[in-house]
**Q** 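Input: one structure, supplied below.
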Amino acid sequence: MKRTGEAETTAHFPVQVRSTEYSEGQSEESRSVHCSVAKGSVPLERCMSCERYVSLLSTASGAASLQCRVPSASAEAEGTPDDLGTRLRTTPVSEVMTAKVTCVDSELNLDELAHVFEKKHIRAAPVVEDGGVLIGMVSKSDLVRGCTHDEEDEEDALEEGGHFPPDCLGVIVEGIMTTDVARLVETASLAEAARMFASRGVHHIPVVTKDDVVVGMLSVMDLARWIASQAEGPADR
Ligand code: SF4
């Protein structure tokens, strides 16, 4: 990969973690890194055998980051623009998304899904098939609707904070998930993300590779926090 005489610089990339929850309490984790050389996510195992790899580091928050040597040209920003609009158009969602995402298998029953939501403190999760390919999205509201068709029961169940109606026998995630799912490719800009939040009326959008493999999740709050962090201007960041 490295060419003789090539100017290099050290880069740090956050390790993206996708955990997938299966029936009977089984789960699987997959790690990847958004590589500036490959211009997309690559599996962490591939990084470990890359000749540019230097080390894996743990951050104070417990997240991991990968250190490697990349061509200077691939890491150089073209100068940080002063105005927020340009920064929104040039910052990719991969830099702002939550890189730790919980996904679920479509065959989970609703009790198991409720348990995942409670255990992980989440309200929605991408539904994936083998390899992490996105096939749907499922939320707490879908879960409650899957158990009852009474709107009052629905609201009561949500207010009870995770005490879902038990009469869900035989219903699985595949039967309640949304399949017309908004998604953002990891290289999409924050401006595209903002447009999608507005047009789809959603609060969370899965971030995927060009092959539709889930690598993160972007929320309206992630975007709002990023905009707030820009308020002081690029010189103060
Ligand atoms: S180790 Fe290699 S593949 Fe991994 S991020 Fe660095 S340059 Fe890309």
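As the structure is a computational prediction, the values presented were derived from the model and not from experiment. When a ligand or atom number is given, it counts from 1 through the structure's own listing order.
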**Q** Of all the atoms in ligand 1, which lie at a distance below 4.0 Å from a heavy atom belonging to Arg52?
**A** 7 (S)
**Q** Under 6.0 Å from the NZ atom of Lys100, do we count more than 12 heavy atoms belonging to anything else shown?
**A** no
**Q** Give the numbers and elements of all ligand 1 atoms closer than 4.0 Å to a heavy atom of Phe13.
**A** 5 (S)
**Q** Is atom 2 (Fe) of ligand 1 less than 2.8 Å from an N/O/S atom of Cys50, whether that atom is in the backbone or a side chain?
**A** yes
**Q** Tell me the nearest of Ser32, Cys35, Gly40 to atom 8 (Fe) of ligand 1, using heavy-atom distances.
**A** Cys35
**Q** For Glu192, look at atom CD and say whether over 12 heavy atoms of other residues, nucleotides or ligands are found less than 6.0 Å away.
**A** yes
**Q** Where does Cys47 meet ligand 1, judged by heavy-atom distances below 4.0 Å: at the side chain, the backbone, both, or neither?
**A** both
**Q** Using the side chain to side chain contact (heavy atoms under 4.5 Å, CB included) criterion, which residues pair with Lys210? Sequence neighbours excluded.
**A** none
**Q** Examine the side chains of Ser23 and Glu107 and answer whether a donor and an acceptor come within less than 3.5 Å of each other.
**A** no
**Q** Is the closest side-chain donor-acceptor distance between Glu8 and Ser72 under 3.5 Å?
**A** no
